[in-house]
Amino acid sequence: MIDRNLQMMDAGMRLIETEKPFGNVLGGIKHELERYGKVLRRSDAEFSSLPDSTGECDLFLDWSSPLRVRCISCRLEDAGAAGTTPEGEEIHRYAVSLKEGDRPTTLTRILTGISVVLWFVLLLFVMRRLPLAIPIILAAVISAVGAIRVLGPDKTSIQLVRQFLSTIEEAK
């Protein structure tokens, strides 16, 4: 089930030129996205349950895990003709726009909270011979850095979007 409160943000856009018709290009993009998770088309019944911030899109990839909610939406738009090939085929220009949404699940938040408490207890126990302020400051810094890394943006989503955009650009 897709989280309707997920915030989708612009992730990138590519302008491509190809002789292929709109349906073939959309099918190729869907094929690439299916390698990562479940892809919904506009005609699917579940399409109405997408996050409000998704806007208009043709394809929606849900590649969530138990620890992170991850989604990518794709919009393919015809951007006019770009000329003809030497064989006389029309070259089409398409704009591919991606939006990406990513956030930790409730399970991740709970595990991060438990981890923060455990760091405090562990450092207070290990460094009990030192003045109380030193283990508290050290535990706070370690916990804060860990929590920011876990609860912050996921680098995997960003890398996937970059990889996908470069794949689209090379495919033509």
Flag side-chain contact, heavy atom, 4.5 Å: [X] against [Y]:
| X | Y | result |
| --- | --- | --- |
| T156 | L160 | no |
| L59 | L33 | yes |
| M13 | V96 | no |
| L15 | R93 | yes |
| I29 | F164 | yes |
| L6 | C71 | yes |
| R109 | R103 | yes |

How long is the gap from [atom1] on [X] to [atom2] on [Y], to the nearest 0.5 Å?
| X | Y | atom1 | atom2 | value |
| --- | --- | --- | --- | --- |
| C57 | M8 | SG | CE | 7.0 Å |
| L67 | T106 | CG | OG1 | 11.5 Å |
| Y94 | L76 | OH | CG | 7.0 Å |
| K38 | F60 | NZ | CZ | 10.5 Å |
| E90 | T18 | CD | OG1 | 11.5 Å |
| S73 | K99 | OG | NZ | 6.0 Å |

Single-linkage hydrophobic cluster, 4.5 Å side-chain cutoff, L122 and I142 together: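 L122 clusters together with I142.
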Same cluster (ILVMFWY, side-chain, under 4.5 Å), I16 and F22: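 Yes.
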With N24 via side-chain contact (heavy atoms from CB on, under 4.5 Å) - residues at least two apart: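 N24 satisfies side-chain contact (heavy atoms from CB on, under 4.5 Å) with K20, P21 once adjacent residues are dropped.
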Partners passing side-chain contact (heavy atoms from CB on, under 4.5 Å) against I91 (at least two apart in sequence or in another chain): E17, E19, A82, T85
Closest non-hydrogen atom pair between D62 and R70, with its separation: OD1-O, 3.4 Å
Exercise: identify the closest heavy-atom pair between S64 and V69: OG-CA, 3.5 Å
Residues V161, I72; criterion side-chain contact (heavy atoms from CB on, under 4.5 Å); working and verdict: CA-CA 8 Å; V161 168; I72 295 176; 3.8 Å; yes
Donor-acceptor contact present, side-chain S166 to main-chain Q163, <3.5 Å: yes
Check: G80 main-chain N/O paired with D78 side-chain donor or acceptor under 3.5 Å: yes
Set of salt bridge (Lys or Arg N to Asp or Glu O under 4.0 Å) partners for E34, sequence neighbours left out: K30
Under 3.5 Å side-chain donor-acceptor pair for T105 and T108: yes
Basic-acidic side-chain contact under 4.0 Å: D58, R75: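 A salt bridge is present here (some side-chain N lies under 4.0 Å from a carboxylate O).
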